[in-house]
Amino acid sequence: MSWRGSVWGCLPNFYTGERNYSHNSPSEFYSSLGSEGFSIGDTSGTDEEDTDSAILYGTLRGSIVGLRYYTGVVNNNEMVALQREPNNPYDKNAVKVNNVNGDQVGHIKKELAAALAGIMDNKLAVVEGVVPYGAKNVFTMPVQMSFWGREENKEAVLDQLKMHGFKLAPPLKVGSEYGFGSKWISGKNGPTYSAPVHAAVHLTAEQLKSEFDKLFEDLKEDDKTCEMEGAEAVGTLLLPHQKQALAWMVSRENSNDLPPFWEERNNFYYNILTNFAVKERPKNVLGGILADDMGLGKTLTTIALILTNFQDGKPLPVEKITSDNGLLLNVTSVFSGTASIQSAEKKYSEDNPRTTLIICPLSVLSNWIDQFEQHTSQDFHLNVYIYYGSDRNKDPAILSDQDVVLTTYNILATDYGIRDDSPLHKIKWLRIVLDEGHTIRNPNAQQTKAVLSLEAHRRWVLTGTPIQNSVKDLWSLISFLKLKPFTDREWWHRTIQRPVTMGTPGGLRRLQSLIKSITLRRTKTSKVKGKPILELPERKVLIQHVTLTEEERQVYQSVKKEGKAAINRFFSEGTVLAHYADILGVLLRLRQLCCHPHLCTNTSSSFSAAGNNTPEELRQMLVTKMKLVLSSGSDEECAVCLESLTLPVITHCAHVFCKPCIYEVIRSEQPNASCPLCRNELRVEHLVECPLEEELDSSNGKKDDQEWISSSKINALMHALIELRKENPTTKCLVVSQFTTFLSLIENPLKKSGFAFTRLDGSMAQKKRVEAIQCFQSSQAGSPTIMLLSLKAGGVGLNLTAASRVFLMDPAWNPAAEDQCFDRCHRLGQKYNVIITKFIVKDSVEENMLKIQNKKRELAAGAFATKKPSASEIKQTKINEIKALIDL
DNA sequence: ACCGCCGGGTGCC
DNA sequence: ACCGCCGGGTGCC
């Protein structure tokens with residue numbers, strides 16, 4: 001279908017010079033965003049990791065003064081935030097006090113502030129306040145402070161306080177500092193809570209995990225079972241559970257309910273967690289979290305929502321196409337809006353926007369485009385603009401005239417990083433949809449910051465995996481939903497996260513009630529009217545062992561011997577971390593040798609190294625190393641943000657980080673920054689960027705000069721494929737590898753044996769991918785029966801249900817990556833049992849990888865809410881893995 | 001009286 | 001603040 005090409009390319013041409021968009025100039029939008037949205041300084045960054053391991057040192061009563069001068073008011077038992085104010089002209093020790101709304105209440109009395117300043121500045125403790133009675137005070141009010149910190153800082157904090165003549169009282173038995181009500185609560189000011197006997201009951205990781213699972217499981221049985229038909233513009237019939245989701249989403253968008261934990265009491269609105277009260281009715285999020293399992297149709301449901309609840313609770317207006325090229329018009333409807341835009345301009349404005357912004361991982365972008373095309377009835381105009389690619393149109397006026405703007409997290413973050421050049425941040429959107437919302441679970445990641453500073457009326461998070469490891473991961477999502485007071489990390493932490501992780505009684509219940517009020521969750525096993533939502537066929541994983549030929553084995557052993565010797569040397573020299581990339585290289589070569597000798601071309605060991613290289617040689621070497629790391633398939637994360645690498649750069653000490661992350665490290669540690677992994681000197685001018693990857697597979701190259709030969713693994717595959725064809729010639733298969741070169745090598749025997757095949761890998765242009773997928777999914781006679789698929793091509797959205805067999809040619813480091821790949825065919829629409837065959841070479845690194853996969857599976861199943869490992873711990877785990885892999 | 005005491009002015013950091 | 005504190009006014013009984 002040719003229109004896709006135009007989607008990607010032609011909007012700029014279409015609009016060039018057509019109109020002047022005088023309204024909503026960029027500057028207006030920036031001033032409305034304020035400086036906050038674009039601040040570089042990150043006050044919340046550095047030692048957040050420690051908050052979970054904090055203990056309560058004790059409490060102290062103090063006073064807040066200067067109430068006269070500020071507007072912030074405080075109720076009895078209300079939580080307050082203590083914030084250092086080092087630039088106060090009267091006292092460099094100043095500590096200001098804000099209420100939950102962020103309005104300043106006053107200052108901590110100076111003698112006490114003098115004691116607190118050092119503690120707070122050196123991050124020895126977190127100091128939190130609750131005002132026991134503050135409603136009527138005019139000049140001063142008391143504050144009950146709790147001191148939280150790591151065990152090892154306790155003495156320092158006590159000393160510091162003692163120096164100024166203060167002494168902590170032991171922690172109160174009643175958990176007022178957890179916001180669970182306290183002895184101060186009178187009947188008037190809140191519900192009474194029975195006081196827990198102990199301040200905190202620590203649950204084991206396992207208990208927490210199971211509690212947490214229940215948290216989502218329990219969401220299923222409630223009243224979210226109303227159904228709603230999609231509007232006429234939805235060109236597809238919805239399944240019952242999708243109609244339920246639609247009804248729920250529409251009701252959420254049009255709801256006027258109070259947000260969770262708010263109550264109306266004598267003309268005020270009370271937050272029962274913080275005891276904060278306001279006159280104005282707090283806004284609930286017009287949206288929520290759709291946490292359906294993969295394959296239940298979140299995309300379709302969201303499209304139905306956009307079309308059905310288009311504006312003012314009404315569907316997308318009908319604009320029947322009368323011209324005889326109606327079909328064409330719909331197809332190019334992406335840009336067909338000129339005529340309607342003229343009239344629409346009065347209807348839609350900054351206050352009443354029309355545009356839904358959808359942010360998704362690149363891997364599912366084409367899926368969204370497909371589904372918009374498939375599910376939007378031909379008679380309706382829906383302007384969809386794909387904000388992607390270097391020629392993306394950055395005119396906010398044009399973007400805000402679309403019905404839908406589709407973009408990726410990376411594009412959003414990239415634009416945001418350029419500060420002055422993010423049109424997406426200049427627009428107030430009708431609706432923002434975050435697909436694969438857990439992408440933003442790391443609060444410090446650039447993408448998260450970029451997402452959190454977007455403006456919108458309605459906000460949705462789509463995710464199949466609502467919580468991956470801990471409550472912590474939820475904050476970004478909740479913050480995105482703009483639920484007060486959780487947008488501020490302190491209140492989230494004090495009212496939800498800490499009670500849950502400390503096992504404070506009722507903490508989980510509280511979290512559950514929060515989740516429940518904003519989430520719709522169904523699993524593949526959920527039922528509608530007694531029937532399972534979807535009945536998936538069975539899925540079986542078989543492991544087929546492959547024995548190398550004598551020749552292959554010899555090559556393998558010699559490379560292994562050499563690599564093992566080198567790695568041993570690194571261990572004895574203690575330079576493992578410095579040679580991390582080299583070690584990955586060794587393992588990569590071994591894994592490649594298991595597949596095919598031709599994959600392993602770059603035997604030129606890079607650890608010749610060192611000595612007196614020219615700067616250019618050094619740069620080249622670093623680039624080579626970085627590419628090695630990126631292409632090693634070892635799923636490298638940035639050790640700063642713990643996410644997969646965005647804009648990777650390599651340090652002189654050969655460690656790879658996200659560019660924004662490592663810049664932030666250097667900025668915050670100036671003048672002398674050091675590498676987070678090995679503590680070597682770190683300088684911006686030494687960082688080497690990854691040249692725009694033409695092809696990240698390190699074993700790339702068109703080795704046509706080599707004569708084609710087979711390998712044990714290829715033989716095993718071909719044998720299986722031919723047997724399968726005898727059984728049933730229409731059965732479709734995925735042949736999956738992490739090495740695209742391997743896929744290329746496999747093409748040869750496929751052709752020779754007369755198989756019709758297609759191919760999908762990460763290097764292919766979007767258009768080509770879509771073609772390959774459609775071609776493969778086709779049931780027409782003569783359509784390809786085999787797809788050569790690179791493991792990570794396409795994300796969760798990729799739908800390859802035509803295949804019922806999968807041949808995994810080489811194991812991945814991360815079992816989750818494999819599972820995700822299998823789910824591309826084992827999902828809604830699969831008619832047959834799915835059989836997966838994993839080829840594993842006997843007595844090789846691959847067998848060891850299986851062991852590591854099992855370990856990871858156990859880890860993933862058991863560990864929840866345990867402390868997030870530090871950067872160096874992650875590396876240490878990797879090093880242990882390396883040892884296991886090469887039998888050291 | 002280099003004190004006490006009185007009462008007005010005044011008030012965060 | 002229906003306080004504390006400051007500093008000026010004042011001064012036997």
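From a predicted model like this one, the values you see are computed outputs, not experimental measurements. So that the names make sense, note that chain A is the first sequence line, chain B the second, and so on, each numbered from 1.
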What pairs of nitrogen or oxygen atoms, one from the protein and one from nucleotides 10-12 of chain B, lie under 3.5 Å apart?
{"residue": "B:dC12", "atom": "OP2", "partner": "A:Tyr69", "partner atom": "OH", "Å": "2.4"}
{"residue": "B:dC12", "atom": "O4'", "partner": "A:Gly66", "partner atom": "N", "Å": "3.4"}
{"residue": "B:dC12", "atom": "O2", "partner": "A:His107", "partner atom": "ND1", "Å": "2.8"}
{"residue": "B:dC12", "atom": "N3", "partner": "A:Tyr70", "partner atom": "OH", "Å": "3.0"}

How many Å lie between [atom1] on [X] and [atom2] on [N], as a whole number?
X	N	atom1	atom2	result
A:Leu82	B:dC13	CG	C1'	13 Å
A:Met141	C:dA1	CE	P	14 Å
A:Glu111	C:dG4	CD	P	15 Å

May I ask you to check if [X] and [Y] form a cation-pi contact, with NZ or CZ under 6.0 angstrom from the six-membered ring centre and within 45° of the axis?
X	Y	answer
A:Lys279	A:Tyr269	no
A:Arg68	A:Phe139	no
A:Arg498	A:Trp148	yes

Under a 3.5 Å cut-off for both contacts, is B:dC2 paired Watson-Crick or G-U wobble with anything, and if yes, with which nucleotide?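 None - no nucleotide pairs with B:dC2, as no candidate has both distances under 3.5 Å.
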
Can you name the salt bridge (Lys or Arg N to Asp or Glu O under 4.0 Å) partners of A:Glu85, sequence neighbours left out?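 For A:Glu85, no residue satisfies salt bridge (Lys or Arg N to Asp or Glu O under 4.0 Å) once neighbours in sequence are set aside.
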
Report the residues that fulfil salt bridge (Lys or Arg N to Asp or Glu O under 4.0 Å) with A:Glu685, sequence neighbours left out, ordered by chain and then residue number.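 Residues passing salt bridge (Lys or Arg N to Asp or Glu O under 4.0 Å) with A:Glu685: A:Arg683.
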
[N] to [M] separation - [atom1] atoms, rounded to the nearest Å:
N	M	atom1	result
C:dC13	B:dC2	C1'	25 Å
B:dA1	B:dC6	C1'	15 Å
B:dC3	C:dC12	C1'	15 Å

Between A:Lys426 and A:Glu455 (salt bridge meaning N to carboxylate O under 4.0 Å), is one present in this structure?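 So A:Lys426 does not pair with A:Glu455 through a salt bridge.
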
Not counting sequence neighbours, list each pair that qualifies as a ring pair (Phe, Tyr, Trp, His ring centres under 6.0 Å) and has a residue in residues 67-96 of chain A.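 Non-adjacent pairs meeting ring pair (Phe, Tyr, Trp, His ring centres under 6.0 Å): A:Tyr70-A:His107.
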
Extract all donor-acceptor atom pairs below 3.5 Å that involve side chains of residues 152-166 of chain A and protein atoms in other chains or at least two apart in sequence.
{"residue": "A:Glu152", "atom": "OE2", "partner": "A:Arg150", "partner atom": "NH1", "Å": "3.1"}
{"residue": "A:His164", "atom": "ND1", "partner": "A:Gln160", "partner atom": "O", "Å": "3.1"}

What residues in residues 84-93 of chain A put a non-hydrogen atom under 4.0 Å from any atom of DNA chain B?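 Here the set is A:Asn88, A:Tyr90, A:Asp91.
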
